[in-house]
Amino acid sequence: MAQIQLTIALVMIAMFTIAVIGFAINFGVDNNAQMNIANNPQLNTLNANATTGISTFSQTSNSTSNSILSTTIAAGSQSAPSVAPFVISITNPLGILTPLQAVFNAATTEFPVLGIFFDAIVAILIFMLFLLAYKTLRGFPE
Amino acid sequence: MSYLYNLPNSTSGIDTIATQTVSAVPAFAPLLFLFVFGVVFLGGITRNKAKTGTADYPLWATVASLMTMFTALILSITSGIIQLDWLTYIVLLTIGCGVWLFLNRKVTEL
């Protein structure tokens, strides 16, 4: 994925997570629900992680935009002397992707047999990764 | 006449019928959520494929999981219909479908 696409996807994931959890918690509060996910510490941690990710992104995107504005290109040069202003603004993508970890944890806690499926998927991905790396070097196998 | 399940007390309101149905068949609520998710998801991708030739699976999974979450939230007002665990799983399913959706988008769409 491209940098712009990945950054936007991570930010949208974080905002979607905050919106869903916030809506569910406030629905329970407004309607005096007997079951409220605010009582689940795992989802509260997930909400806090996403909120921290968005807060960090808002600060780093501000400093990144300032550095882009102050970028100078020397006369005769065709590019900026450094790509530092254009580095990704999400400083903690794994922190924003904790929904995936939470989903896996919940699924494997309630249904332990699902763990073997996740292990198999990860093993296949690693297998494909090494095959692609070897194919890039040697040109085979297909 | 002998019944397979004990009939719910229908003179105490519809919430009593629901809670007594769940107490007789504990899998009622999860299967209801599976039904809601399946109707929206399968119906959506079927019509999408019929109209355009391709189906946007992550989009319809997200829409279906949102509809399932709304149903679960409504049923969470009264105790005895769904458990907190299932409500948590459905919220996590919604977030997981959102992750799938946003990582699946192309550059030109959001």
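These values consider heavy atoms only, across backbone and side chains, with no hydrogens, waters or symmetry-generated copies. Quick note on labels: first sequence line is chain A, next is B, and so on, each numbered from 1.
Sorted by first then second residue, the side-chain hydrogen bond (donor to acceptor under 3.5 Å, both in side chains) pairs that include residues 28-55 of chain B, not counting sequence neighbours, are B:Asn48-B:Thr52, B:Lys49-B:Tyr57. Applying the ring pair (Phe, Tyr, Trp, His ring centres under 6.0 Å) test to pairs two or more places apart or on separate chains, none has a residue in residues 24-54 of chain A.
Interatomic distance, CD1 of A:Ile37 versus CG of B:Leu84, reported as 8.5 Å (0.5 Å rounding).
Closest heavy-atom contact between A:Ile13 and B:Gly98: CG1-O, 4.4 Å. B:Ser76 approaches A:Ala33 most closely through the heavy-atom pair O-CB, 3.6 Å.
In the hydrophobic cluster analysis, where Ile, Leu, Val, Met, Phe, Trp and Tyr join through side-chain heavy atoms closer than 4.5 angstrom, B:Leu34 is grouped apart from B:Leu42. Follow the hydrophobic side-chain contacts under 4.5 Å out from B:Phe37 and you reach B:Ile45 in the same cluster. Cluster annotation: B:Ile74 is connected to B:Val40 through the hydrophobic network of ILVMFWY side chains, with a link wherever side-chain heavy atoms come within less than 4.5 Å.
By number of non-hydrogen pairs under 4.5 angstrom with chain B, the leading residue of A:Asn31, A:Leu43, A:Asn32 is A:Leu43. Most heavy-atom pairs under 4.5 Å with chain A: of the set B:Ala72, B:Gly80, B:Ser79, this distinction falls to B:Ser79.
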Applying side chain to side chain contact (heavy atoms under 4.5 Å, CB included) to A:Phe16 and B:Leu101, what does each step give before you reach the verdict? CA-CA 11 Å; A:Phe16 185 77; B:Leu101 172 72; over 6 Å; no
Kindly indicate, with the supporting measurements, whether the criterion side chain to side chain contact (heavy atoms under 4.5 Å, CB included) is fulfilled by B:Phe102 and A:Leu10. CA-CA 8 Å; B:Phe102 290 120; A:Leu10 291 175; over 6 Å; no
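Remark: of the listed residues B:Ile81, B:Leu87, B:Ile77, B:Asp85, B:Leu87 is the sole one forming a side-chain contact (heavy atoms from CB on, under 4.5 Å) with A:Met35.
Partners of B:Phe28 under the ring-ring contact (aromatic ring centres under 6.0 Å, His included) rule, at least two apart in sequence or in another chain, do not exist in this structure.
Within residues 89-96 of chain B, the residues that have a heavy atom under 4.5 Å from a heavy atom of chain A are B:Tyr89, B:Val91, B:Leu92, B:Thr94, B:Ile95, B:Gly96, listed by number.
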